[in-house]
Protein chains: 2
Amino acid sequence: MDQNPPRSTSVTVADVARKAGVSKATAARVLGGYGTVSDPVRDAVTAAARALDYRPNELARSMTTGRSGTIGVVVGDIENPFFSLAMRGITDVARQAGFTVILINSGEDVAVEKAAIRTLLAKRVDGLIVSPAKESNVDHLQEAARSGRPLALLDRGSETLDVDTVIADDRHAAEGITRRLIALGHRRIAYITACDTPDHVFRVPSDVNTGSVRRRVEGFLGVCREAGLQGMEGWVRVGAITPDHTRGIVSAMLQSSERPTAIIASDSVIGLEVFKTSRAAGIAIPDELSLVSFHDADWTSVTSPPVTVVRQPVYRLGETAAKLLVERLNGYEASARRVVLQTELIERASVADAPA
Amino acid sequence: MDQNPPRSTSVTVADVARKAGVSKATAARVLGGYGTVSDPVRDAVTAAARALDYRPNELARSMTTGRSGTIGVVVGDIENPFFSLAMRGITDVARQAGFTVILINSGEDVAVEKAAIRTLLAKRVDGLIVSPAKESNVDHLQEAARSGRPLALLDRGSETLDVDTVIADDRHAAEGITRRLIALGHRRIAYITACDTPDHVFRVPSDVNTGSVRRRVEGFLGVCREAGLQGMEGWVRVGAITPDHTRGIVSAMLQSSERPTAIIASDSVIGLEVFKTSRAAGIAIPDELSLVSFHDADWTSVTSPPVTVVRQPVYRLGETAAKLLVERLNGYEASARRVVLQTELIERASVADAPA
DNA sequence: ACTCTCTAAGAGACCGGTCTCTTTTTCTGT
DNA sequence: ACAGAAAAAGAGACCGGTCTCTTAGAGAGT
């Protein structure tokens with residue numbers, strides 16, 4: 001059975017053909033499942049392939065066909081539950097459609113993102129799913145789109161880029177929670193995001209390059225303005241890129257004389273740190289401080305008090321992006337589609353009337 | 001500058017060579033960065049490449065070199081924070097070493113895992129990192145190892161498989177928390193894991209095919225036996241594969257007349273569900289029920305009470321596995337290494353004396 | 001019986017790189 | 001000035017598949 005110990009050098013169609021006593025072309029037809037072959041020959045080749053333990057070389061196949069059966073995915077940080085859940089959606093769809101997924105973390109760094117896309121293009125991925133770190137800097141994406149390989153944007157869009165895009169209705173969600181907080185009497189409302197600006201200070205929404213977050217900030221500021229609150233730009237805090245940064249920002253705010261009565265956290269990692277920091281500072285949620293977080297992370301329901309969150313359809317975000325991409329890969333040609341998925345405000349107990 | 005609109009058909013070394021007026025071999029030398037070339041020729045080729053916007057085809061390169069610059073990773077579920085954090089460790093090391101990562105979710109299904117490895121091998125990954133779903137079923141891994149491509153095992157080992165392995169000292173950790181619980185007077189201690197058996201009933205440790213979990217169960221049962229507790233096998237519950245399953249298992253236990261006074265959760269997803277379920281059932285932690293969870297997930301410190309956990313060096317688990325693999329890829333030949341990383345018991349407030 | 005068509009199989013080019021082998025050119029040393 | 005060595009450039013095979021083109025053979029029609 002196993003007379004010949006597996007050699008390091010792999011067996012090729014030519015080897016199988018020789019063993020089966022047919023030409024390379026015929027063996028390839030059987031092995032590749034194309035063209036017409038007679039039954040006896042098919043059997044002979046199949047038997048030879050089995051005997052030799054033939055394994056097709058996808059690389060060689062990809063080279064001639066031009067399709068690698070691979071999708072490249074670039075996200076900010078797979079460690080963030082937001083991205084890992086979206087990634088699950090992507091991989092599920094990809095696997096079902098017969099694609100494998102190459103994952104690259106950008107760390108929200110445009111230079112890394114750029115290099116990642118170059119690498120993926122060089123590896124001849126069939127398509128790309130990217131969650132661009134900065135909307136303003138999308139030349140490399142433009143280039144990818146032009147290279148003929150379909151591109152889908154995840155969670156963050158770009159007006160200048162005419163490609164399939166899947167985002168959540170961030171602006172609407174931000175407007176909703178801001179209205180709610182204002183109705184409860186809050187006036188000093190902070191919005192904390194990981195997105196950063198060169199000098200770590202926020203002035204206008206266009207400072208924020210991450211599409212999803214910019215839309216939220218616009219929604220937040222818009223509602224504030226409507227309600228007659230001026231100068232709320234000062235309450236937008238950027239640069240909460242690590243738990244340590246977040247803690248620094250939050251404790252500074254909580255110690256100031258004009259401390260916020262409500263905080264909106266732009267993702268669950270920040271929300272968690274706000275929760276920890278305010279508890280450590282002895283500030284009671286929701287009596288002294290209301291907290292709303294984006295992303296319905298699974299722990300948010302189990303804290304005391306459980307935290308009010310904006311539920312985003314994270315899995316479906318990834319799933320949908322992958323679906324759109326796979327459709328393109330299967331030849332769909334029409335113009336770019338922009339899918340906006342609904343969010344939902346889950347009211348729990350971390351929001352209350354503003355303290356007197 | 002941009003006179004010729006980017007054609008779909010990509011430019012090759014031959015195109016660059018023609019444009020630069022040199023032979024294909026020479027152009028390849030410049031572009032590939034090997035062999036010796038004169039400065040003027042190098043400049044000419046570089047200029048031509050830039051003018052034509054030449055992009056090397058990694059696929060073609062891989063085919064001749066036999067190296068794809070890719071590592072295949074197979075994990076149970078990227079959505080689980082355990083794996084997403086380990087994955088971060090892997091990708092960080094891989095990127096630094098110049099490798100990209102192909103990710104496949106097995107869903108802890110051996111058949112899927114098998115197919116995944118076959119796919120990855122066909123794509124000619126340079127090496128593999130696998131978190132095997134079942135220890136008992138490793139023929140496909142054996143095969144991968146024999147194919148000459150290095151394999152590293154993550155979090156779960158296999159005695160029969162002589163490959164680099166990185167695990168945590170699960171047995172020791174389980175022994176520690178079991179001793180602690182017994183010392184506090186607990187006698188009815190449940191251990192809940194996602195690992196399943198064909199009939200969803202646990203009898204002996206060898207029923208559990210996931211290495212890390214089996215070692216924990218062995219540690220748990222061993223200490224119980226030492227302490228004179230018999231028949232604790234009945235307190236090991238398998239099949240908590242989704243939050244719904246977990247809830248079912250936990251509520252059944254809590255409603256029984258002989259309900260447990262302590263629960264050990266085999267991962268943070270289960271731990272969270274135990275917490276939720278017992279709260280919903282109105283059972284107080286830790287007064288009526290003590291809870292210990294494996295995996296120091298970030299939410300465990302903010303619940304009320306915060307939960308006592310076994311901190312596993314998850315990031316380092318992934319990082320180390322990737323490092324060992326990269327060393328192999330760089331020619332390290334010595335025999336298989338087994339790295340055991342230390343865990344740490346983080347005592348918080350979910351564990352107390354057994355109720356009277 | 002003979003052409004016509006259709007199926008089965010073979011020969012070999014091709015994808016886009018790498019790399020060996022060979023030839024030509026340039027640089028040494030005496 | 002000239003042999004010898006070394007550097008630079010060219011020619012072409014090769015990796016392992018796919019796929020077109022061509023040819024051999026089998027069956028159908030009249």
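Just so it is clear: chains get the letters A, B, ... in the order the sequence lines come, proteins before strands, and each one is counted from 1.
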Using a 4.0 Å cut-off on protein heavy atoms (strictly under), produce a 5'-to-3' string for nucleotides 9-17 of chain C with B for base contact, S for backbone-only sugar-phosphate contact, and - for none.
-> BBBBB-BBB

B:Arg337 bridged to B:Glu327 by N-O distance under 4.0 Å |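 Result for this pair is yes, salt bridge flagged.
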
Output yes when A:Arg146 and A:Glu143 qualify as a salt bridge under the 4.0 Å nitrogen-oxygen rule, no when they do not.
->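 So A:Arg146 does not pair with A:Glu143 through a salt bridge.
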
Could you tell me whether the side chains of B:Asn209 and B:Ser136 share a donor-acceptor contact shorter than 3.5 Å?
->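 Short answer, yes.
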
Quick one: are B:Ile90 and B:Val93 in side-chain contact, heavy atoms under 4.5 Å?
->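 Answer no - side chains too far apart.
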
Are the side chains of B:Ile71 and B:Thr100 in touch, meaning some heavy atoms are under 4.5 Å apart?
->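 Counting from C-beta outward, B:Ile71 and B:Thr100 never come under 4.5 Å.
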
